[in-house]
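Quick one: structure below, then a few questions.
Numbered from 1 within each chain, the chains take letters A, B, ... in sequence-line order.
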There are 2 protein chains.
Amino acid sequence: MPEHITIKDIARILNISVSTVSRALRDAYDVNPETREKVLHLAKELDYKPNFNASGLAGGGTRNIGIILPFITNYYFSMVITGIQEVAYAKGYNIVLYVTNDSPEREMDVVRNLNTQNLDGVLVSVCSDSAANNYFEQIIAEGTPVVFFDRVLGSVDASKVVQDDYNGAFEAVEHLVKQGFSRIAHIAGPAGLDFTKHRLAGYLDALERYGLPVEPAWIVHSGFSQADGEADLEVLWEGKERPDAVFAVNDRKAIGVILQLKKRGIRVGPDFGVIGFTDDPMSAIISPSLSTVAEPAYEVGKQSCELLLQHIVRKNNFQVREITLPGVLIARESTRRS
Amino acid sequence: MPEHITIKDIARILNISVSTVSRALRDAYDVNPETREKVLHLAKELDYKPNFNASGLAGGGTRNIGIILPFITNYYFSMVITGIQEVAYAKGYNIVLYVTNDSPEREMDVVRNLNTQNLDGVLVSVCSDSAANNYFEQIIAEGTPVVFFDRVLGSVDASKVVQDDYNGAFEAVEHLVKQGFSRIAHIAGPAGLDFTKHRLAGYLDALERYGLPVEPAWIVHSGFSQADGEADLEVLWEGKERPDAVFAVNDRKAIGVILQLKKRGIRVGPDFGVIGFTDDPMSAIISPSLSTVAEPAYEVGKQSCELLLQHIVRKNNFQVREITLPGVLIARESTRRS
DNA sequence: TTGTAGGCGTTATCAT
DNA sequence: ATGATAACGCCTACAA
């Protein structure tokens, strides 16, 4: 049976009270440096591990932070988590994972049943048709620190960390234009998502900036999968006016596009430009390699977590912040004319 | 402020004692069906959420299970986690994530500081040069249920869930042989890992079975990255006898091999066979597409978690089990002669 | 600066 | 079948 050391043990051995030990351990105010030193020393020696159940119960922190997100099986999200994990680990926090499978029902269920008593704060990236708006707001109202990342809820008043979707999209389209493409379609994400709108806006503004026509039929919304990308290209291909390039909302869809084009015998690059968004490692592996806007996924994770921890420490006394991180255009073969 | 409903509230309203409520909620023995019904009904009505900190403290379960693994940024592990997550969610357990970055120091630190008081059980896949053997054994000795998956510690007496590495490797090599390749090299994983050994054994036995020579220089050990695969091929290429095919321990390395071969102008498939292990989605995207042995990643996750939950429920009263799940050979272009 | 006492929400042990 | 009551380990007034 686990014979765990508690602050009681330390108190007994040192012949002081548990409150003093408790204070010393959390280096709270008002504790004699010598006493603290003794406590810390003994704690290390006995390999004392705080019981977070107890401290959580008693009103201290639980040292747990939750992450709610649609998936972990893609490059972007797994990198974000890795970034989160890194800072959480460094600060002694545990990560509790909630995966919604991009299902609004599941997300709602997760948020509604979220045990905020066991969590010091929550990081969230919402699903495609999130309907949990109210529930998130409720959690926030209850006083739980929340930071949204990547897929944020524009309407909710909370801290947010995102990449610069608008400018990334603008630059992607600009790049296509400069490579000589002029009939540029956009294979977009689910219409409800904030970043879908931002990338779409960047696309539209870039077209306008370069005096290119906006063809409504060239804007196709669907999901994020490779299969969606393939299907979307079909749609474009069947239209009466065919584009000569595509800006896809993410790499996975762009890859679907490339695969379809190859199947049709189109030379991607020379004859048809394709650019994505993310910089998934697949982009460098597919042939022709995929131009893209690299997202600072790891950094999004790091900064989200740092921000959340600030909120947690400053309890109720923090400023809501919105952080936007720049992406980087990476030109590869799929936009190279020759 | 969070005004959480507690069993006390329910007890007061129903005019019964907290112990009865507690029992009713956990549908323990000895509680009047009517009473239980009332309690359950009111609990739902008030949206009662158990405080796991409290139940953990009091000796009940914490409803948390830990996962310790090297990475989450690859297809295999992220699928495993997804599988784990699915059953944990269904059974009302939370997942606490610990990523070791495949670093033995980090792993040791994680395991040593693991707060088993906050965890009902732990799932683990060890890192490449794990030195945490003793610590895992200690955790197990203390009574914490542990199930290893994929990267298991052969020497530790605990439940394990793995894919059939030996047979998968055997079939991969057999497939190369049947395609007419005869000078087959093996680009292996870190020598210390159990499954590296199993896949190597499958490779060796397949060579023997088909009367092919074992060339020690054709067995190269290194890490799991694409870069490792590229470097390994270089090594093979510089050797005095060149192989005509490679069985790589995983897809990522196999992809490195293909990329290197393409760079050298070798026609992968017709002139040089390559087969991997995993069935990472990248395998289908690279050109030529990569033959591989598909691993039941999701299933490994599911079964690991189910097994762990059984151990948790049967507390101390369970049988250690080892489960081996079959893989499936997937033939693609990289082993097609014509 | 330190100690005392009460309580956090739940479960377990005894009674009844 | 149900109820008191005492933990569980920690934190936070309040008192000293």
Could you check whether F52(A) gets within reach of a base, just the sugar-phosphate, or nothing at all, counting any heavy atom under 4.0 Å?
nothing
Any donor-acceptor N or O pair under 3.5 Å, side chains S19(B), R23(B)
no
Protein-nucleotide distance (R23(A), atom CZ; dA5(C), atom C1'), rounded to Å
13 Å
Between CG of N118(A) and C1' of dT10(C) the distance, given in whole Å, is 12 Å
Roughly how many Å is it from CG in L14(A) to C1' in dT1(C), rounded to a whole number?
15 Å
If you pin I5(A) and V21(B) to their nearest nucleotides in DNA chain D, which one's is more 5'?
V21(B)
Nearest to the side chain of N51(B), which nucleotide is it out of dC11(D), dT10(C), dT2(D)?
dT10(C)
Are I81(B) and L69(B) close enough, and set up right, to give a side-chain contact (heavy atoms from CB on, under 4.5 Å), and what steps lead you there?
CA-CA 10 Å; I81(B) 298 178; L69(B) 41 49; 3.8 Å; yes
For N53(A) and T62(B), which I'm curious about, is there any donor-acceptor pair between the side chains at under 3.5 Å?
no
Sorted by position of nearest nucleotide on DNA chain D, 5' first, the leading residue of L57(B) and S19(B) is S19(B)
Compute the ring centroids of F71(B) and F224(B), then answer whether they are less than 6.0 Å apart.
no
Heavy atoms only, 4.0 Å cut-off, all strands: where does G59(A) land among base, sugar-phosphate and nothing?
nothing
Tell me whether the side-chain N or O atoms of T20(B) pair up with the base of dA1(D) as donor and acceptor below 3.5 Å, since no angle test is needed here.
no
How many whole angstroms separate atom CG of N32(B) from atom P of dT16(C)?
22 Å
Under-4.0 Å side-chain N/O to phosphate OP1/OP2 contact, S22(B) with dT11(C)
yes
Between dA1(D), dT1(C), dT12(D), which nucleotide has the shortest distance from any of its atoms to the side chain of R26(A)?
dT12(D)
Please report the distance, rounded to the nearest Å, between CD1 in I7(B) and C1' in dA4(D).
13 Å
Without decimals, in angstroms, what is the distance between I16(B) CD1 and dA4(D) P?
11 Å
So, OP1 or OP2 of dG3(C): does either fall under 4.0 Å of a side-chain N or O from S17(A)?
yes
How many whole angstroms separate atom NE2 of H4(B) from atom C1' of dT10(C)?
15 Å
Would you indicate which nucleotide in dT11(C), dC8(C), dG9(D) comes nearest to any side-chain atom of K8(B)?
dC8(C)
Round to a whole Å and report the spacing from CD of Q117(B) to C1' of dT10(C).
16 Å
Nearest-neighbour nucleotide for the A58(B) side chain, dT1(C), dT10(C), dT13(C) considered:
dT10(C)
Decide yes or no on salt bridge (charged side-chain N to carboxylate O under 4.0 Å, His left out) for D9(A) and R12(A), but give the supporting numbers first.
CA-CA 5 Å; D9(A) 298 319; R12(A) 190 167 26 74; 2.7 Å; yes
